[in-house]
Amino acid sequence: MAASTEPGTGPGIILCTQAPDDYASRRLSAYGSVVVAPDLSEAGLVKLAPKARAIVVRGQTHITKAVIDAAPGLQVIGRTGVGYDMIDVAAAAARGVPVVYTPGVGARAVAEGSMAFMLSLCKMLPYWDAELKAGNWASRFGLQAGDLAGHTLGIVGLGRIGGLVARMARVFEMDVIAYSPTTPAERAREHHAELVSLDELMRRSHFIALHCPYTKETHGLIDRARLALVQEGTMLVNLSRGGVVESLDLLDEMLETGRLGGVALDVFEPEPPDTSHPIFRRKNCITSPHTMGTTKGAWAAIMKSMADDMAAVMDGAAPRHQVSLGGRAQ
């Protein structure tokens with residue numbers, strides 16, 4: 001069922017920042033016309049908000065206090081994914097509007113993406129692909145790819161995704177350490193990971209995978225002082241949020257000096273990034289447009305979880321995954 005870009009005449013609309021999939025469209029259309037906002041600016045959303053019974057948030061569109069306050073009939077906000085920093089959760093809570101999200105639903109897809117990035121960097125896949133396609137068979141004699149086995153992986157954030165990455169890394173015979181202040185030691189042991197301080201993680205790791213939530217505390221967490229601690233040639237993979245790293249300028253500098261041997265980025269600040277930045281021309285920087293968590297299977301599960309929880313709220317029932325004002329699922 002295709003979503004519309006025009007409000008219907010029903011009891012309200014399901015206002016979407018991008019089109020939901022067929023399942024979510026069918027599920028939510030029982031509660032109002034599913035409408036994709038043609039203008040994602042605050043002013044554009046405020047214009048449609050008075051008719052909104054629910055808001056579906058995809059991508060990085062911000063649902064501000066002004067948007068929420070402009071929607072007197074708003075019953076629920078649904079977020080596709082685990083990150084909800086673009087939603088004013090406090091403003092929603094003040095209005096008694098639940099914010100539902102989908103923690104863990106796409107975790108395996110992101111974890112697989114993290115391992116794929118590490119393997120791609122380690123095995124130099126983009127480089128070999130480009131050299132062979134350029135007819136340079138002799139390139140195989142000039143350089144050698146690396147290995148995961150016998151090396152240390154440092155995971156920043158040992159939640160659902162980080163825990164899966166830790167388990168996958170053990171199959172590759174990697175030693176796993178983690179910085180995750182809220183993770184109990186027993187849970188870390190279940191993932192065969194050693195909990196350490198962030199500075200120790202930066203010093204010991206050959207590969208660093210960022211999987212922490214994006215909060216005030218993690219904004220700019222990976223900065224110049226921290227990157228100065230890493231071993232030369234360390235590989236950095238970020239599937240958390242772009243803002244967890246200080247800047248692309250810093251990563252580019254670290255690649256230039258060899259402090260970082262490779263960088264893989266699925267997330268950026270802002271999104272989309274300015275691809276004229278020099279880091280995008282580096283062969284040892286591989287990127288994707290925030291897609292590692294949106295595989296076919298993961299996306300179907302995410303949409304179903306979100307739509308079912310939004311429907312539950314509008315039916316007067318409790319959702320499974322609701323963001324609390326403190327930033328944790330209820």
Side-chain angles (χ1 to χ4, degrees), residues 1-103 105 214 270-272 290 294 299 302-330:
M1 178 177 183
S4 171
T5 57
E6 294 296 333
T9 58
I13 66 171
I14 310 302
L15 180 59
C16 307
T17 61
Q18 294 180 38
D21 73 352
D22 287 344
Y23 176 88
S25 292
R26 288 194 302 270
R27 188 82 165 89
L28 296 175
S29 64
Y31 304 90
S33 299
V34 177
V35 176
V36 179
D39 178 1
L40 297 180
S41 68
E42 183 180 72
L45 294 173
V46 165
K47 184 178 179 180
L48 289 176
K51 299 180 180 180
R53 186 176 180 183
I55 298 176
V56 172
V57 188
R58 283 186 58 188
Q60 294 301 302
T61 301
H62 285 263
I63 305 301
T64 63
K65 183 177 186 297
V67 175
I68 294 168
D69 288 347
L74 186 63
Q75 293 179 271
V76 63
I77 299 172
R79 167 63 176 161
T80 57
V82 65
Y84 47 83
D85 47 285
M86 71 295 298
I87 301 170
D88 192 329
V89 177
R95 284 277 312 281
V97 176
V99 177
V100 302
Y101 70 142
T102 58
V105 178
Y214 186 43
E271 291 186 345
H290 205 154
T294 54
W299 193 241
I302 286 169
M303 279 289 179
K304 185 178 188 304
S305 175
M306 180 202 67
D308 288 350
D309 269 358
M310 292 179 73
V313 172
M314 289 186 282
D315 286 339
R320 291 172 302 166
H321 304 299
Q322 178 180 341
V323 179
S324 72
L325 189 57
R328 289 186 293 273
Q330 296 179 337

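- Atom CE in M306 sits 8.0 Å away from atom OG1 in T102 (nearest 0.5 Å).
- Of all heavy-atom pairs spanning M303 and T80, the tightest one is CE-CG2, 3.9 Å.
- Applying the side-chain hydrogen bond (donor to acceptor under 3.5 Å, both in side chains) criterion to Q60, with sequence neighbours excluded, gives no partner residue.
- We find the OG1-CG distance between T61 and L40 to be 4.0 Å, quoted to the nearest 0.5 Å.
- Contacts of K65 classified as salt bridge (charged side-chain N to carboxylate O under 4.0 Å, His left out), with partners at least two apart in sequence or in another chain: D69.
- Judged as a salt bridge (charged side-chain N to carboxylate O under 4.0 Å, His left out), the pairs with a partner in residues 304-317 (not counting sequence neighbours) are, in order, R27-D308, K304-D308, D309-R320.
- For the atom pair CG (L45) and CD1 (I63), the distance works out to 5.0 Å, reported to the nearest 0.5 Å.
- Of all non-hydrogen atoms in Y101 and G81, the two that sit nearest each other are CB-O, 3.5 Å.
- Closest of all the heavy-atom pairs between P50 and P72 is CA-CD, 4.0 Å.
- The distance from the CD1 atom of I14 to the CE atom of M314 is 4.5 Å, given to the nearest 0.5 Å.
- The side-chain contact (heavy atoms from CB on, under 4.5 Å) search around S41 returns D39, A43, not counting sequence neighbours.
- With sequence neighbours excluded, the residues forming a side-chain contact (heavy atoms from CB on, under 4.5 Å) with A66 are E42, V46, T64, listed by chain and number.
- Annotation for V100 and P319: closest pair CG1-CB, 3.7 Å, computed over non-hydrogen atoms.
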Trace of the side-chain contact (heavy atoms from CB on, under 4.5 Å) decision for V323 with R79: CA-CA 10 Å; V323 179; R79 167 63 176 161; over 6 Å; no
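- Residues P20 and L28 fail the side-chain proximity criterion, which asks for heavy atoms closer than 4.5 Å.
- Here the side chains of R58 and T17 are in contact, with some heavy-atom distance below 4.5 Å.
- Of the possible donor and acceptor atoms, one in the side chain of S29 sits under 3.5 Å from a partner among the backbone N and O of R26.
- V99 is not listed as a side-chain neighbour of V57, based on a closest heavy-atom distance of 4.5 Å or more.
- Within the model, atoms CD1 of I77 and CE of M310 stand 8.5 Å from one another, a figure rounded to the nearest 0.5 Å.
- When all heavy atoms are compared, the tightest approach of G59 to Q18 is CA-NE2, 3.7 Å.
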Atom pairs and distances, donor-acceptor, side-chain atoms in residues 89-96, under 3.5 Å, two or more places apart:
residue	atom	partner	partner atom	Å
R95	NH1	I68	O	2.6
R95	NH1	A71	O	3.4
R95	NH2	A71	O	2.7

